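Accompanying notes for the structure given below.
Just so it is clear, the model here is predicted, and its values are computed rather than measured.
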Amino acid sequence: MNGPIKLTSTQVEDNRRQIYISPEAERIISNLQPHSVDVVAVVGPMRKGKSHLANLLCKKKSGFPLGDELKPKTKDFWFWIDPHPVQTNRYLMVIDTEGLGDYSDEEQNEKDIKYLVLATLLSNHLVFNLQGNPDHSFVSQLRLMGDLAEHVRVQKDGNDGGSNLGHHFPELWVAVQDAHLKPHEINGRRLTPDEFLEYMLKRKDGHTKAIRSHNDMTDAVKAFFPKRHLRLIPAPSIDSDILSNLDKAEDNVLQTDYKDTVGNFTSEIWNSGRVKRVNGDDIKTTGLLHILQYYVKAINDPNALPSVLGAYEAMAEGECSRAFEEQMKQFQETVEKTVKPLMPTDEETCNRKIQTEEETAVSRMSADVGKWDKDGTWRRSLQGKLETERLALLKLNSDKSKELCEAIIKEVDQPVRQKVGRGEYNRIGGIDTYEREMDDVYSAYRQKAAGKGPAVEKVLETFRVTETTRRNTIRDTDGKLVKEDRRVKEEQRKKLEAEAAAERAADKEKVAKAEAATAVEAKKLAEAERDAETARRQAAEAEARQAKEERRRRNLLDIVLDIFGF
């Protein structure tokens with residue numbers, strides 16, 4: 001932190017002073033790492049150097065505002081929290097409180113006790129800052145300590161009457177600043193500051209009202225703060241200008257005794273090893289915020305008293321809630337880094353990784369807040385929420401698997417779809433080509449979709465339904481084309497046969513005609529030959545007749561000649 005932040009503010013509502021936690025303080029504390037906290041609250045009368053002491057406890061020279069005027073500088077509670085100056089993995093939180101005994105406040109006593117109760121309940125080191133000499137008069141300034149039992153309880157039901165508060169209250173450090181007298185000597189030995197405190201807290205003999213009041217107060221202080229110390233801090237300087245500007249004063253102008261004393265005092269607190277605890281359990285930053293919220297609410301309620309165990313329950317509930325949210329957040333962050341990048345993957349692998357993270361989250365929560373979640377309510381709640389997350393993640397894996405597999409099947413099927421769109425399969429034999437290419441599509445899909453989650457087969461099965469319809473359409477088209485081709489070929493065959501028959505008939509007719517013509521020619525030839533033969537025969541006959549006639553004429557001539565004697 002760069003400087004102190006207001007922790008609380010007060011408002012008067014319905015004639016009652018109400019304490020509120022500042023939103024900025026809640027934000028700062030909530031964002032801290034969940035480490036243990038050493039809480040040091042500085043209380044005491046106003047204008048006694050309380051804020052200066054708080055700065056020293058923060059290992060700072062300035063921060064909490066100082067004032068040397070009558071009007072106090074610090075109002076309400078302010079705090080400064082940083083990594084612990086000595087202990088590792090721990091924070092130091094110093095709370096500077098509004099001074100007790102502000103003369104300007106009409107309800108001073110009520111406000112003082114509320115502030116003291118809150119500071120006591122929040123801290124594990126309660127520094128009660130005083131100023132002056134270590135005599136009996138400073139003990140009277142612890143008067144409010146004796147009233148704590150009336151305003152705080154251990155049990156939540158309040159029936160304990162404030163008993164056993166000492167087991168739960170912080171270590172008390174009474175710091176007396178500007179002390180220039182030393183503790184008394186007893187039997188020739190000077191008392192140590194702690195021994196001197198015990199000497200001052202001794203019961204007095206007598207029964208007067210003042211003695212009884214003193215004894216009641218000292219008994220209460222000893223009962224409520226079994227671990228108590230007194231530290232006497234000399235004045236930083238005798239120079240009034242230096243005293244009024246301590247936050248600006250260089251170390252070399254401060255008295256050596258003062259520097260040594262405050263150095264030892266702050267070192268004692270830092271090295272004590274103590275942290276804020278409630279009911280025996282260390283409180284982390286988030287738990288501190290929960291008990292602060294509980295105590296403020298209880299202090300503001302006129303019908304309630306803040307109780308240690310009530311704060312413990314509030315802290316336990318708050319810590320369980322915090323652990324629940326942390327484990328859910330860590331589970332989700334781990335899933336984002338280790339599970340989701342693998343998606344989509346096979347369901348068994350995905351489920352196994354998620355269940356491993358579930359078990360880890362539950363184990364971490366049990367280790368963190370198991371001692372507070374005694375009945376396992378928060379553990380079961382976390383398991384239930386994680387189970388819901390598991391199912392949602394499996395669905396996400398399935399959805400991503402479906403989305404990716406659908407993209408893959410669409411990609412590998414695209415060339416076939418384009419061919420279908422262009423009608424390239426609408427031909428005889430198209431179904432055979434289609435089926436060969438679809439075999440390649442299914443093979444490519446299985447290769448690319450292998451290990452891509454639970455939707456691999458589901459998407460393939462869904463695709464098969466659509467593809468089967470497409471295949472059947474192509475098959476039907478192919479069948480119709482084959483049938484049509486057969487019909488056309490049959491018609492062509494019949495036509496060719498008819499043409500061949502016609503041609504044969506024509507040829508036959510031609511042959512017949514040729515034969516007829518040949519027959520006619522042959523007939524004519526035969527007739528001609530007959531006629532010729534007849535003619536020849538007739539000629540021969542004629543010639544024979546002529547020859548015969550000639551012979552007859554010759555014979556006749558011969559006869560005649562003979563007759564006539566030629």
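Without hydrogens or angle criteria, S366 side chain to V362 main chain gives a donor-acceptor distance under 3.5 Å. Judged purely by atom type and a 3.5 angstrom limit, R322 has no side-chain atom pairing as donor or acceptor with the backbone of P34. One N or O on the side chain of S272 and one on the backbone of I269 form a donor-acceptor pair closer than 3.5 Å. Counting only distance, with no hydrogens or angles, the side chain of N129 and the backbone of G44 share no donor-acceptor pair below 3.5 Å. Counting only distance, with no hydrogens or angles, the side chain of Q131 and the backbone of Q177 share no donor-acceptor pair below 3.5 Å.
Nearest heavy atom pair, residue A175 against residue F265, reads CB-CZ, 4.3 Å. Across every non-hydrogen atom of L118 and T8, the tightest pair is CD2-CG2, 4.4 Å. For the pair P302 and R16, the tightest heavy-atom approach, listed with the atom from each and the gap, is CB-CZ, 3.6 Å. Heavy-atom minimum distance, P85 versus K59: CB-CD, 4.0 Å. Residues E358 and L386 approach most closely at OE2-O, 3.3 Å, considering heavy atoms. Residues A361 and L382 come closest through the heavy atom pair O-CD2, 3.9 Å.
Side-chain atoms of I283 and V37, non-hydrogen and from C-beta on, never get closer than 4.5 Å to each other. Taking 4.5 Å as the limit, some side-chain heavy atom of N397 sits within range of a side-chain heavy atom of T345. Using a 4.5 Å heavy-atom threshold, the side chains of V335 and K340 count as touching. For the pair L126 and V43, the minimum side-chain heavy-atom distance is below 4.5 Å.
S36 and R90 form no side-chain donor-acceptor contact under 3.5 Å, judged by distance and modelled atom types alone. Side-chain atoms of T10 and D76 include a donor-acceptor pair closer than 3.5 Å. In this model, no donor atom of one side chain and acceptor atom of the other lie less than 3.5 Å apart for D194 and T192. No donor-acceptor contact under 3.5 angstrom links the side chains of Y115 and T120, judged on distance only. Of the N and O atoms on the side chains of W372 and D281, at least one donor lies less than 3.5 Å from an acceptor on the other residue. Side-chain contact of W173 with H125: a donor-acceptor pair under 3.5 Å is present, judged by distance alone.
Under 4.0 Å is where a charged nitrogen must lie from a carboxylate oxygen, and between D38 and K276 no such pair does. At a threshold of 4.0 Å, the pair R189-E185 does not count as salt-bridged, since none of the basic side-chain nitrogens sits closer than that to a carboxylate oxygen. A salt bridge does not link K329 to E326: none of the charged side-chain nitrogens sits closer than 4.0 Å to a carboxylate oxygen. Salt bridge annotation for D282-R277: present, with a cationic side-chain nitrogen under 4.0 angstrom from a carboxylate oxygen. A salt bridge links R274 with E171: at least one charged nitrogen is closer than 4.0 Å to a carboxylate oxygen. Using a cutoff of 4.0 Å between basic side-chain nitrogens and carboxylate oxygens, D368 and K284 are scored as salt-bridged. A salt bridge does not link R390 with E357: every distance from a Lys NZ or Arg NE/NH1/NH2 to an Asp or Glu carboxylate oxygen is 4.0 Å or more.
The 12-atom threshold is not exceeded at NZ of K202, counting heavy atoms of other residues, nucleotides or ligands nearer than 6.0 Å.
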Evaluation steps, side chain to side chain contact (heavy atoms under 4.5 Å, CB included), between I95 and V42: CA-CA 6 Å; I95 301 174; V42 184; over 6 Å; no
Trace of the side chain to side chain contact (heavy atoms under 4.5 Å, CB included) decision for I29 with M93: CA-CA 10 Å; I29 297 174; M93 180 178 186; 4.2 Å; yes
Test log, rule salt bridge (Lys or Arg N to Asp or Glu O under 4.0 Å), inputs D399 and K395: CA-CA 6 Å; D399 291 343; K395 183 179 185 302; 2.9 Å; yes
Test log, rule salt bridge (Lys or Arg N to Asp or Glu O under 4.0 Å), inputs E268 and R231: CA-CA 11 Å; E268 278 187 283; R231 293 297 176 263; 2.7 Å; yes
Residues L172, F128; criterion side chain to side chain contact (heavy atoms under 4.5 Å, CB included); working and verdict: CA-CA 7 Å; L172 175 65; F128 200 98; 4.1 Å; yes
Working for side chain to side chain contact (heavy atoms under 4.5 Å, CB included), residues W78 and L7: CA-CA 5 Å; W78 289 71; L7 180 62; 6.0 Å; no
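Rounded to the nearest 0.5 angstrom, K227 NZ and N124 CG are separated by 10.5 Å. Taking CG of L121 as the reference point, atom OH of Y294 lies at 9.0 Å (rounded to 0.5 Å).
Taking the ring centroids of Y91 and H35, they lie under the 6.0 Å cut-off.
The aromatic rings of F169 and F225 are tilted relative to each other, their planes meeting at an angle between 30° and 60°.
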